[in-house]
**Student:** 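Questions regarding the structure given below will be posed in turn.
Throughout, numbering of the chain's residues begins at 1 and tracks the sequence. Since the model is a prediction, treat every value here as computed from it, not as a measurement.
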Amino acid sequence: FIPSATTFSDEGLILYENPLWPIGRTGNVDVVNIAFQQDEMETFAAWRAKALDVSPLPIEERESVLSQTPARARLITNQTVFYIGYNFDSAVFQEADARRAFAAAVDRELLIEDMFEGRAQGLKHLTPPGVAGAPPLNEVGVGYSPDLARHLMDRSIFRSCQLIPQVTFLVSTADLSLVQAELIRSMWISEMDCEEDLIDIVQTDFGDLLSATNAAAANRPDLWELAWPAVYPDAHNLLFDLLHCSEGENRQNRTCSEVDRLLRQASLTPNMAERQALYRQAENLFFGETGLMPLIPLYVRGDYLLAQNWLTLTPALSGGEQFDTYTIDDELKRLEQSRDLQ
């Protein structure tokens with residue numbers, strides 16, 4: 001949907017379909033009315049009264065809507081992946097089973113509910129939904145598995161989390177960062193019997209956090225929290241640019257291996273289906289049960305969007321909204337609105 005004209009006011013924005021645009025559209029919407037409203041509850045009330053096709057879902061109404069009409073709500077995530085990074089030179093996390101154990105002990109769903117009231121999507125691999133080359137959710141990677149976490153820690157050279165050397169967990173000075181770090185540390189304590197005083201959470205300015213976790217920095221922390229905002233929606237920007245051993249960020253200081261050859265091969269492969277297969281292999285080599293586990297993927301954040309049952313849409317997870325794909329069943333819309341007036 002490429003507008004041929006735009007009407008703008010303090011109350012809203014009206015977009016009109018461009019009949020001269022040469023690319024065909026799959027939807028049937030000719031005019032898009034975008035209302036500017038400061039109060040989410042007022043917007044929600046208008047949506048509930050069937051005066052709006054879509055609306056954000058206020059936090060106050062989330063539990064009610066998700067329990068009563070879950071089909072009307074969709075979680076729309078962004079493409080900034082939050083994660084915990086490992087220092088491969090650490091006395092603890094140079095040990096692969098220790099990395100895998102700490103990752104398997106993180107309950108992402110509990111983390112999301114406690115911190116964001118469910119407005120996020122947990123990840124057990126790196127590439128999030130909406131990114132070209134991303135595997136389907138929950139098909140690749142281990143994720144939360146406390147039994148596996150205990151088994152891996154028992155199998156590690158330490159035999160017990162209580163016997164690991166003290167580790168430094170570096171986070172930013174944001175209050176939310178400290179809350180997250182403390183929640184995750186509590187999971188390691190409850191799932192693997194780690195000692196709280198052996199996991200030292202240290203806050204620092206974001207710039208200092210970046211400097212301290214650079215692969216060439218001295219006295220690097222054992223663990224750190226960071227996020228990677230996708231510059232463009234392709235798996236190359238996450239798997240290659242963030243993790244490749246020699247051409248990516250590689251804050252882990254990880255040595256090159258087979259997975260890096262696969263990432264290089266994928267970057268030179270024009271066929272999308274073949275690239276996706278290579279990226280899936282790479283995700284498994286990183287985050288599978290025997291994976292290298294260079295970091296712990298946590299989540300991408302988002303918000304709920306409400307849509308009426310007469311509207312068919314695929315919300316854009318990157319770039320501008322694709323209004324040319326919106327389809328409205330006019331007869332159903334008139335019927336639903338007339339029922340509401342009776």
**Student:** Under 4.0 Å between a side-chain nitrogen and a carboxylate oxygen: does that hold for R261 and E258?
**Tutor:** yes
**Student:** How far apart are the closest heavy atoms of K333 and I328, and which atoms are they?
**Tutor:** CD-CG2, 4.1 Å
**Student:** Please determine, by modelled atom types, if T43 and Q37 share a side-chain donor-acceptor pair under 3.5 angstrom.
**Tutor:** yes
**Student:** Would you please indicate if the ring centroids of F102 and Y86 are separated by under 6.0 Å?
**Tutor:** no
**Student:** What heavy-atom pair brings K124 and V140 nearest, and what distance separates the two atoms?
**Tutor:** CG-O, 3.4 Å
**Student:** Is the backbone of T127 close enough, under 3.5 Å, to the side chain of E283 for a donor and an acceptor to pair up by distance?
**Tutor:** yes
**Student:** Might you point out which heavy atoms bring A101 and M153 nearest each other, and give the distance in Å?
**Tutor:** CB-N, 3.8 Å
**Student:** Is a side-chain donor-acceptor pair under 3.5 Å present for E191 with Y144?
**Tutor:** yes
**Student:** Please find the pair of heavy atoms, one from D303 and one from R119, that lie closest to each other, and give the distance.
**Tutor:** OD1-NH1, 3.4 Å
**Student:** On a heavy-atom basis, which atom in L75 and which in G302 lie closest, and how many Å separate them?
**Tutor:** CD1-C, 4.1 Å
**Student:** Under 4.5 Å between side-chain heavy atoms, hopping through other hydrophobics if needed: is there a path connecting F82 to I296?
**Tutor:** yes
**Student:** Are the side chain of Q203 and the backbone of S172 linked by a donor-acceptor contact shorter than 3.5 Å?
**Tutor:** yes
**Student:** With the threshold set at 4.0 Å, does a side-chain nitrogen-carboxylate oxygen contact exist between E113 and R62?
**Tutor:** yes
**Student:** Is a donor from one side chain sitting under 3.5 angstrom from an acceptor on the other, for S156 and E95?
**Tutor:** no
**Student:** How close do G288 and M293 get, counting heavy atoms only, and between which atoms?
**Tutor:** O-CE, 4.1 Å
**Student:** State whether the number of non-hydrogen atoms from other residues, nucleotides or ligands found under 6.0 Å of E331 atom CD is greater than 12.
**Tutor:** no
**Student:** When you check the gap from the basic side-chain N to the acidic O, do E289 and R100 get nearer than 4.0 Å?
**Tutor:** no
